[in-house]
Amino acid sequence: MNISAVTPASTDQLDLGALKLRQHSAWSSGDYAIVGTTLQIVGENLCEALDLRAGQKVLDVAAGNGNATLAAARRWCSVVSTDYVPALLERGRLRAAADGLPVEFKEADAEALPFEDRVFDVVLSTFGVMFTPDQDRAAAELARVCKRGGKIGLANWTPDGFIGQVFKTLGSYLPPPAGTKSPALWGSASRIEDMFGAEASSIRCEPLNFVFRYRSPGHFLDVFRTYYGPMLKAFAALDTLKQDALHRDLLALIAKHNRAEDGTMVVPSEYLEVVITKR
């Protein structure tokens, strides 16, 4: 995962490899599971959109702490949950064990999935694969391991939604390496068509909202600065004056979107729900 928000451009494999190492460091810091568990409803809704059937073989890519993994397992699917951060897989493993759900957990890179061609009925990812450095390669991997007639399901933050704007705000203080592609491109229907159109018999993209509900705007920032690796790393890389300025800008962004009037934070953030049927 990364937090870059820049215009797409070409880049070489060395740059992508270096970026992947930076991202791995970011997502291994903090404790994304604290944030990730609040997003559970997105995994549930995606599984309903995919019309999962009991017994289907499901792969969750860049699964984090397992929101979509658990949602699919609750529907009696045979689930393999993958991520390249072992600590996140362990959090998913603990959650599955607590609920008595049989899930296979496997460390894996979304750009080089360790599975044969066309072995999964459903391949899905919620706010995960969108952060890969090599977007086209990751998309090709999702399509490769999905059976003909199977489905690929994604939930991706959009460029203009709240989290998309958070990415842009962070990027204004710490510009990403030249040539990297914004993860928010995955929240664009046209980009999804570019990446998956040749492999798809149908693509459905629906803009939806996830609502961030926190005790206050300050509480949201405290949680994200402490546990959300990319934001933690961003603040750590800035001097005190720039940290204060970034904090103010993020509070202003929250105020712009906050629909609560009782001091709490209730902020809708648009994401794109994608269901692709493999040709």
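From K181, atom NZ reaches atom OG1 of T132 across 10.0 Å, with rounding to the nearest 0.5 Å. Remark: K168 NZ to I163 CD1 distance equals 13.0 Å, nearest 0.5 Å. Summarising the geometry, atom CG belonging to L101 is positioned 10.5 Å from atom OG1 belonging to T69; distances are rounded to the nearest 0.5 Å. Residue M130 holds its CE atom at 10.0 Å from CG of L272, rounded to the nearest 0.5 Å.
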- Task: Please report the C-alpha distance between V35 and V223 in whole Å, then the side-chain angles of each, then the deciding distance to 0.1 Å, and finally whether the side-chain contact (heavy atoms from CB on, under 4.5 Å) criterion is met.
- Result: CA-CA 8 Å; V35 173; V223 169; 4.1 Å; yes
- side-chain contact (heavy atoms from CB on, under 4.5 Å) assessment of D121 paired with V58: CA-CA 6 Å; D121 299 296; V58 176; 5.9 Å; no
- Item | Test log, rule side-chain contact (heavy atoms from CB on, under 4.5 Å), inputs N156 and I192 | CA-CA 10 Å; N156 303 320; I192 293 296; 4.0 Å; yes
- Going through the distances and angles, do D109 and R137 end up as a salt bridge (Lys or Arg N to Asp or Glu O under 4.0 Å)? CA-CA 11 Å; D109 183 345; R137 181 173 177 181; over 6 Å; no
- Evaluate the criterion side-chain contact (heavy atoms from CB on, under 4.5 Å) for residue pair M195 and Q135; output intermediate values, then yes/no. CA-CA 8 Å; M195 291 191 291; Q135 297 184 1; 4.2 Å; yes
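L174 and A237 make their closest contact through CD1-CB, 4.0 Å (heavy atoms, listed as atom of the first residue, atom of the second, distance).
Taking the side chain as every heavy atom from C-beta outward, W186 and F131 never approach each other to under 4.5 Å. Within the 4.5 Å cutoff, side-chain heavy atoms of S29 are placed close to those of K233. K278 is not listed as a side-chain neighbour of K151, based on a closest heavy-atom distance of 4.5 Å or more. Using a 4.5 Å cut-off on side-chain heavy atoms (C-beta onward), I254 and M265 make contact. Side-chain contact check for L89 versus P86: every heavy-atom pair is 4.5 Å or farther apart. Side-chain contact between E104 and V80 is present, with heavy atoms from C-beta onward closer than 4.5 Å. Between E107 and V85 the shortest side-chain heavy-atom distance does not fall below 4.5 Å.
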Side-chain donor-acceptor distances from residues 200-208 under 3.5 Å, at least two apart:
residue : atom : partner : partner atom : Å
S201    : OG   : T277    : O            : 3.4
S202    : OG   : T277    : OG1          : 3.2
R204    : NH1  : E206    : OE1          : 3.0
R204    : NH2  : E273    : OE1          : 3.1

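Every side chain to side chain contact (heavy atoms under 4.5 Å, CB included) that I41 has, sequence neighbours left out, goes to N45, F210. Every residue two or more places apart in sequence or in another chain was checked for a ring pair (Phe, Tyr, Trp, His ring centres under 6.0 Å) with F196, and none qualifies. Partners of E193 by salt bridge (Lys or Arg N to Asp or Glu O under 4.0 Å), not counting sequence neighbours: none found. Taking the ring pair (Phe, Tyr, Trp, His ring centres under 6.0 Å) definition, one finds that F220 meets it with F162, F212, Y214, F224, sequence neighbours left out. Shown here are the ring pair (Phe, Tyr, Trp, His ring centres under 6.0 Å) partners of F115, two or more places apart in sequence or in another chain: F120. Residues satisfying the salt bridge (Lys or Arg N to Asp or Glu O under 4.0 Å) test with R225, not counting sequence neighbours, are none. By the side chain to side chain contact (heavy atoms under 4.5 Å, CB included) test, P102 is found to be paired with no residue, residues two or more places apart in sequence or in another chain being considered. In this structure, the side chain to side chain contact (heavy atoms under 4.5 Å, CB included) partners of D194, at least two apart in sequence or on a different chain, are R191.
V266 shares a hydrophobic cluster with V211; the chain of contacts runs through ILVMFWY side chains whose heavy atoms sit under 4.5 Å apart.
A donor-acceptor pair under 3.5 Å is absent between the side-chain atoms of S25 and the main chain of L21, judged by distance alone. The backbone N or O of D222 lies less than 3.5 Å from a partner atom in the side chain of T226, making a donor-acceptor pair.
Counted by atom type alone, K106 and S81 present zero donor-acceptor pairs between their side chains at under 3.5 Å. A donor-acceptor pair shorter than 3.5 Å cannot be found between the side chains of R93 and N65.
With respect to L46, the side-chain contact (heavy atoms from CB on, under 4.5 Å) criterion is satisfied by exactly one of T126, L154, V274: T126.
Using a cut-off of 4.0 Å between Lys/Arg side-chain N and Asp/Glu carboxylate O, R91 and D31 are scored as salt-bridged. Between E111 and K20 there is a salt bridge, since at least one side-chain N of the basic residue sits less than 4.0 Å from a carboxylate O of the acidic one.
Applying the salt bridge (charged side-chain N to carboxylate O under 4.0 Å, His left out) test to residues at least two apart or on different chains, the pairs with a partner in residues 41-60 are E44-R74, E44-R75, E48-R75, D51-R53. Within the structure, salt bridge (charged side-chain N to carboxylate O under 4.0 Å, His left out) contacts touching residues 242-265 (residues at least two apart or in different chains) do not occur.
Two rings, from Y228 and W27, have their centers less than 6.0 Å apart. In this structure, Y173 has its ring center at least 6.0 angstrom away from the ring center of F235.
Residues V123 and L50 fall into different hydrophobic clusters, defined by Ile, Leu, Val, Met, Phe, Trp and Tyr side chains chained together at heavy-atom separations under 4.5 Å. Residues V122 and V129 do not share a hydrophobic cluster, clusters being chains of Ile/Leu/Val/Met/Phe/Trp/Tyr side chains in contact below 4.5 Å. Linking ILVMFWY side-chain heavy atoms closer than 4.5 Å, directly or via other members, places V42 and V79 in two distinct hydrophobic clusters. V103 and L88 are not part of a single hydrophobic cluster, where members link through side-chain heavy atoms under 4.5 Å apart. Y271 and L124 sit in two unconnected hydrophobic clusters of ILVMFWY residues. Membership requires side-chain heavy atoms under 4.5 Å apart, directly or through other members.
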